Enquirer: 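Shown below is the structure under consideration.
What you are looking at is a predicted structure, and each value in this text was computed from that prediction instead of being measured. Heavy atoms only: backbone and side chains are in, while hydrogens, waters and symmetry mates are out.
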Amino acid sequence: MSQETGTKTSALGRGRPRPQEAIERDAMILSCLKDNGPQTRNTLRDGLGLSDSITYLSLSRLRRQGLVKLCQGAAGDRQWSADVDGPCP
């Protein structure tokens, strides 16, 4: 609880806590990237049956948390990778 306002805040101390559905979706996307290697946002969207905006929001959250990175793929496409310490594909 914030001492100033008396309201609950997220673990990071900002904003409201994320809904369980968003937490599970982020985990599903991260698991997919770890299991299948780098993928484009559209490939993730289609494979997991998500909308463009939901996929983007999840990837953006995961990137801010340092769990994924965005790379320029060999074919010129942008690919998301869960191997944040390794080289881009």
Side-chain angles (χ1 to χ4, degrees):
M1 286 234 190
S2 169
Q3 291 179 344
E4 295 173 2
T5 63
T7 58
K8 287 186 178 182
T9 57
S10 68
L12 296 176
R14 299 185 313 229
R16 62 184 177 167
R18 287 184 294 140
Q20 186 63 32
E21 180 180 306
I23 293 168
E24 291 171 0
R25 185 173 43 249
D26 291 358
M28 179 176 61
I29 288 175
L30 183 59
S31 177
C32 186
L33 288 171
K34 286 181 177 180
D35 293 346
N36 301 307
Q39 298 183 49
T40 65
R41 184 177 70 193
N42 291 343
T43 302
L44 286 166
R45 177 199 65 203
D46 295 343
L48 299 173
L50 303 172
S51 71
D52 282 336
S53 60
I54 292 295
T55 306
Y56 172 80
L57 289 171
S58 286
L59 288 167
S60 180
R61 276 192 299 269
L62 291 168
R63 186 180 193 185
R64 281 193 313 270
Q65 294 170 12
L67 299 173
V68 300
K69 66 180 177 182
L70 184 58
C71 297
Q72 190 72 30
D77 55 348
R78 295 165 46 120
Q79 296 186 357
W80 291 87
S81 174
D83 184 9
V84 294
D85 296 324
C88 284

Enquirer: Looking at CG of Leu59 and CG of Leu67, how far apart are the two atoms once the value is rounded to the nearest 0.5 Å?
Expert: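 With rounding to 0.5 Å, CG (Leu59) is 11.0 Å from CG (Leu67).
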
Enquirer: Measure the spacing between CG of Leu62 and CG of Leu30 and express it to the nearest 0.5 Å.
Expert: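 These two atoms lie 5.5 Å from each other.
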
Enquirer: Roughly how far, to the nearest 0.5 Å, is CZ of Arg18 from OG of Ser58?
Expert: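 Those atoms lie 8.0 Å apart.
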
Enquirer: Please report the interatomic distance NZ(Lys69) to CH2(Trp80), rounded to the nearest 0.5 Å.
Expert: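 Going from the NZ atom of Lys69 to the CH2 atom of Trp80 covers 12.0 Å.
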
Enquirer: Run the side-chain contact (heavy atoms from CB on, under 4.5 Å) check on Gln72 and Arg78 step by step: do they pass?
Expert: CA-CA 5 Å; Gln72 190 72 30; Arg78 295 165 46 120; 3.9 Å; yes

Enquirer: Can you tell me how far CG of Leu44 sits from CD of Gln79, rounded to the nearest 0.5 angstrom?
Expert: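 Result: 10.0 Å between the selected atoms.
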
Enquirer: Give the intermediate values and the outcome of side-chain contact (heavy atoms from CB on, under 4.5 Å) for residues Asp83 and Val68.
Expert: CA-CA 7 Å; Asp83 184 9; Val68 300; over 6 Å; no

Enquirer: In Å and rounded to the nearest 0.5 Å, what is the CG to CZ distance from Leu48 to Arg25?
Expert: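 One finds 10.5 Å between CG of Leu48 and CZ of Arg25.
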
Enquirer: Taking distance alone, no hydrogens or angles, what donor-acceptor pairs closer than 3.5 Å link side-chain atoms of residues 32-40 to residues at least two apart or in another chain?
Expert:
residue : atom : partner : partner atom : Å
Asp35   : OD2  : Ser31   : OG           : 3.4
Asn36   : ND2  : Cys32   : O            : 3.2
Thr40   : OG1  : Thr43   : N            : 3.0
Thr40   : OG1  : Thr43   : OG1          : 2.7

Enquirer: If you group Ile, Leu, Val, Met, Phe, Trp and Tyr by side-chain heavy-atom gaps below 4.5 Å, do Leu57 and Ile23 land in one group?
Expert: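 Different hydrophobic clusters.
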
Enquirer: With sequence neighbours left out, what residues match Cys71 under disulfide (SG to SG under 2.5 Å)?
Expert: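 For Cys71, the residues satisfying disulfide (SG to SG under 2.5 Å) (neighbours in sequence not counted) are Cys88.
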
Enquirer: Tell me whether Glu21 at atom CD has more than 12 heavy atoms from other residues, nucleotides or ligands lying less than 6.0 Å away.
Expert: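 No, CD of Glu21 has 12 or fewer neighbouring heavy atoms, counting only those of other groups under 6.0 Å.
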
